Structure formats: C-alpha cells, structure tokens
Visitor: 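Just passing along the structure, written as structure tokens.
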Amino acid sequence: MTPPGSITIILDTVKKLSHVNIGDGPALSASGLTKTFGKLKAVDGLTFEMPRGGVIGFVGPNGAGKSTTIRMLLGLIKPTGGNAGVLGHGICSPSAYMNKVGALIESPVFYPGLSGSNNLRALAKLGGFPPEQVPRALEMVGLSSRASDKVANYSMGMKQRLGIAIALLPNPELLILDEPTNGLDPAGIVEIRNLLQQIGSSGKTVFVSTHLLSEVEAEADRLVMIHNGKLVFAGELADIMQKACEAVYAAPENTADLPRLIEVVRKAGHLLRQEDDAIIITAPKEWSSELNRLAVSQGVNLRELRPQCESLEDIFLSMTRGEVAK
Amino acid sequence: MNRVFSSEWLKIARPATLLGWMGPVILFALMGTIFNFTDAATGAGQFRGPFGVAPGPEQLAAPGGWIIGIYSASSFIGLIALAIFATNIARDYEKGTIRILLVTEPNRFLLFFGKLLALSSFVVLITAGAAAVTAIVSLALAPGENIPVDAWLSWPGIRDLLVGFANISLATIIWGLIGGVLAITTRSAAISISAGVGFLLIFELLIGQFAESIGTKLPATVLGALASGGTFNIEYSTALILSLAYGAASIIVAFLIFIRRDVTD
C-alpha cells in the first residue's frame, strides 16, 4: 500500500511538472517562457510564479516584452519555448481557464457603431455570461449614465473604462490588464487604482501591466519586473521596497568636510555614492547613529542624517543598469 | 456555436448594416429583372456583360421565369456577399476586435464556424429579400410585356422559385466564403475586396477568353452557373460539385490560417 505521504509527493511532483488541469494552482506561472519574432527575442526564458489574490504589478519599460507575455497568457500567441500556467491550467488550452479571466489588452477596441452596453451585450452573449453582468460591469467603471451612447462618441478615458468593464464581464477570478490607466485623467487613475485594489482585496487576482513604476508602487502587493524580455525581479513589493530603504543619506555641515566623511564611511566598510555635497551610504537605517558618532569623533558635524529610500524607479534602473548600458 | 452566432447577429442586426448591404443587393436584383423584361422582346439572346444573356419571352413565361431577374444579377450579389464576409472578418483584424473576441471565446473552432454561420445566414436573408423583390416586380412587369404568369403561380412555378432561391443562396454563401479566406489571409478589407473583385471579374474573364476549358472551371463562372441552375456551357451538377469544392477549399484554408496564426496586432 502506498503511504499517504508518497501520494502527496507524487501530486506535488505532477503539479511542478505540468500546469495542465490543476484548478488550485497559482494565479500565474511561467517556466522558461520564450517568444521570438524572427531574430527578435521578445520574451526570453521568463520564469516566475505568483500565488492567487491581490494586485500583481507587471512592470518594465516600453518594449520589455510585457504585452507579448500577456498575449501568450491569454492564448493569443503561442510561445516559442517554455511553458506558462494561468489559474493552474497550461496556456496551451486557453478554453480551460479563459472563462475565469477578464482581460484588457493595450488600447481597448470596440465596435464603434454599437453603444457601450451593446458592445458588452455582444461579448456577454459570446462568452455565455449572464446578461445582468452588463449593467453591473458598467456601474463598476462609472459608465452607467453613458451606456446607451455609441462608443464612437466616447472620449479616450471612457473607452478605457469600457475596456475595463469588458474585462470585468466574466466576474473573473483573474483580471489581466495591460496599461489600464492609459488616457485617464488623474481622478480617473485614482478611481481605477481604487477599483483594482478593491478587486484584489476581495480574494481575486489582478495582474496589471504598466510602464509607470510609481503606479505599481501605489497599488501592487507583488511585482514581476522584466527588462529586454528577461526577468529582473519577481516577488513581494514589500521585500524590494525594504531593500530600497537600506541606505543612509548624510550631509556634512561644512562642505569641505565631505572627503573626511567619505573616508570615515569607507573605513567602516560601507559602499557609498556622492550626490552633490552629500553622500548616500548602502547601510541599514540603524547604522545612522553609529555614523553620527564616527563622524563627530573625526570632527565632522552633520547637517543632515536620515534613512534614504529609493523609489521603485531607482531600484529598477539600478537592477537593469547593466542591461541598459549594453 | 449558438453563443457566437447570436453575438454576431447582435452586431449585424443594426438598421445601418442591414439596409446598407441589403439595399445594393435589391437594387441589382431590380435592375436584372427590369432589364430582362425590357430586353425580352428585342434583345433576347444578347450577351449583356455581367447581367448575362438576355432571356426570351418563352423563358420568362416558363414556371421559373419570375426568378430569372435575380439570376441575371447573381455576379453582383455574389460580389456583395464577398464584400460582406471580407469586411466583417478583416475589420476584426484591422480594428483589433479579434483580440477581445478570442479572449472572450478562446475556442477558435467555435469562433470561426459561428462567425461563418452568422454571416452565411445574413447573406441568405438579404438574398431572400432580393428574391422576393424579383418575384414581385416580375409579377408587376409581366402584363405590360405580354408575358403570361399562370405557370409562375402553379406548383412547378413555386417549386422553381424555391429551388432557384436555394441555388442562388448557396452560390452567394460560397462567394462569401471566398471573401472570408481572402480576409483572413490579407487581414485587410480593402485588399481582400479588391483582390476578389479583380480576380473574379477581370482576371477570370481574361483566362476565359484565352482558355475556355479552364475558364468554365473558375469560381465566378461556376458560381454563376450554380446560381442560374446550370448554363449552356456548364451543367448544373458540374457547377454544384465545383462550387462545393471551392467552398470547402475556402473553409479549410481559412480555418487553418485562423487557428495557427498568432494574434499580434
């Protein structure tokens, strides 16, 4: 008789080896996912796994491979190599999971001769979604009052909202949005951000791609960062932001004391970089008091001493500096 | 398949779309019918270009005489069907709506055949409208040209009307399928329509002039013969078999391209 422990091991192994038809798998996963167009490697061996729930930011500069990755996850294009999974199903069979996925791909497109609600009705019929989902989705994005207007008369922001309403139609477990705040005014951006956070906190998963790192910093719980088609980081946003605060900013009262301050820090074995008449030291913020003591002992009074947190943008740039230089 | 069909019909069944496509079809059927009656006395047997050979009074008085008008306009109606399929399918690529369709219904088999079914039913509907107009106008014009209508209103007349409608509907659908394969291949409404019209009306005519044996097997000629229930050059059974072969080939090529090609735009 096979002991229960062995069954668990076998099941775990099967889960690791294949993403096919495992309904309780991660929200998204990729293993060596690659897509080439001719000589161009748009996505290069992407490997990550994101559990379900919350908002996942998918970031990278324009041309990093975000849209190509999203299209592969949605079954619109076939990978050249590797594999990926959505809600525990392999991307080779999108029919198995797409009824639980809502998506907005790049700039939203519609049938301009139809009203907003008829665009949604046509897609609700196509997807077999209940008709009552149409007014619900329109209400969620604040378009109820303009639902009967032709889409041709919608502003860019309204079209963007309608695109998000389409993504919400299936009442999805996973929402995949490519640049959802494009064309929205600041108030609209905040509104959509709140909506996404609300959806993410309800147990559903929101995978939102953007090149605006400040946006992700404001709304995401987890992060997948890519550059030139390659993975730069995948994990909790809090982890990367914690690392971002592992720096101390110090400025001497007298600028002439700057070389002596640099000498003190170097002797203490910390890396630093100069910024105008101050230095930024790679060290935990708790080291600030030690630095103050060392500086005073060397006759250097400090004008300013504080923990230095880098923005996500700075972190991204520092993580991809090598690539950028190439 | 039902879901795809009803979703497509929600987009098609707009007054602008229905009237926009039905209008020219009815106009061509009307022209074909009027020309047939005005040419019957003096121009019978004359070749009138795309409107075909003018029928004589005996042909018009035969049981199927009240639907000959739509046969005469079958090439025009076929080209409109080609444009309907090409426009509908190619615009999904041009505008990018193919993305939301595939995200909502990722089963490409269902999407492809559901769409073809909806478009086919649409061209059959507008063909039915054109057939009805042809029959009514024929009934109105016949007394003025001294054409007896007794045979039309008999059972053989009604049977010929229904058989004629079935033939022209099938021919129109196959014209549409040719438009569909061109649209899926080129992903451009303008290119697919101009390629279709250019080949079927001009290139095919030229081939027919130089090699008649080949010309009688080419799509526009064969579909014209199918719509008319057979011609002097092509028997009905030959026209039916070749037409079905063109239809099947169009479906197979279009489907293979549709399921295999990445949607990158």
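Lettering of chains follows the sequences in order, A, B, ..., and the numbering in each one begins at 1. Computed from a prediction, not measured in an experiment: that's the story for all the values here.
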Visitor: Does either side chain, that of Asn118(A) or that of Lys150(A), offer a donor lying less than 3.5 Å from an acceptor on the other one?
Guide: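 No, Lys150(A) and Asn118(A) have no side-chain donor paired with an acceptor closer than 3.5 Å.
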
Visitor: When only pairs under 4.5 Å are counted, which of Tyr111(A), Phe129(A), Phe37(A) shares the most heavy-atom pairs with chain B?
Guide: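 The option with the most such pairs is Tyr111(A).
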
Visitor: Given the options Leu126(A), Ile77(A), Leu169(A), Ile176(A), which has more heavy-atom pairs under 4.5 Å with chain B than any of the others?
Guide: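 Heavy-atom pairs under 4.5 Å are most numerous for Leu126(A).
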
Visitor: Only pairs of heavy atoms separated by less than 4.5 Å count here; which of Gly102(A), Gly128(A), Ala103(A), Ala124(A) has the most with chain B?
Guide: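 Option with the greatest count: Gly128(A).
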
Visitor: Sort out for me which of Arg261(B), Glu105(B), Lys11(B) touches chain A most, counting heavy-atom pairs under 4.5 Å.
Guide: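 Maximum pair count with chain A is reached by Lys11(B).
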
Visitor: Give, as side chain, backbone, both or neither, the part of Asp92(B) having an atom under 4.5 angstrom from any heavy atom of chain A.
Guide: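 Contact with chain A is through the side chain of Asp92(B) alone.
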
Visitor: Report yes or no: is the cationic atom of Arg260(B) (NZ for Lys, CZ for Arg) closer than 6.0 Å to the six-membered ring centre of Phe255(B), at no more than 45° off its axis?
Guide: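 Pair Arg260(B)/Phe255(B) does not count as cation-pi.
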
Visitor: Between chain A and each of Glu8(B), Arg108(B), Arg91(B), count heavy-atom pairs under 4.5 Å; write down the option with the most.
Guide: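 When all of Glu8(B), Arg108(B), Arg91(B) are compared, Arg108(B) has the most.
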
Visitor: Quick one: does Pro79(A)'s side chain get under 4.5 Å of Ile91(A)'s, heavy atoms only?
Guide: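 Of all side-chain heavy-atom pairs linking Ile91(A) with Pro79(A), at least one is under 4.5 Å.
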
Visitor: I'd like to know if Arg187(B) and Glu94(B) make a salt bridge, using a cut-off of under 4.0 Å between side-chain N and carboxylate O.
Guide: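 Result for this pair is no, no salt bridge flagged.
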
Visitor: Strictly under 6.0 Å, is that where the ring centroids of Phe110(A) and Tyr154(A) end up?
Guide: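 Distance test on ring centres: not under 6.0 Å, no.
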
Visitor: Mind ranking Ser67(A), Pro170(A), Gly113(A) by heavy-atom pairs under 4.5 Å with chain B and telling me who comes out on top?
Guide: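 Highest number of pairs under 4.5 Å: Gly113(A).
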
Visitor: Less than 4.5 Å to any heavy atom of chain A: does that hold for the side chain of Leu110(B), its backbone, both, or neither?
Guide: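 No part of Leu110(B) comes within 4.5 Å of chain A.
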
Visitor: For a quick check under 3.5 Å, do Thr181(A) and Gln160(A) share a side-chain donor-acceptor pair by atom type?
Guide: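 Looking only at side-chain atoms, Gln160(A) and Thr181(A) do not form any donor-acceptor pair under 3.5 Å.
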
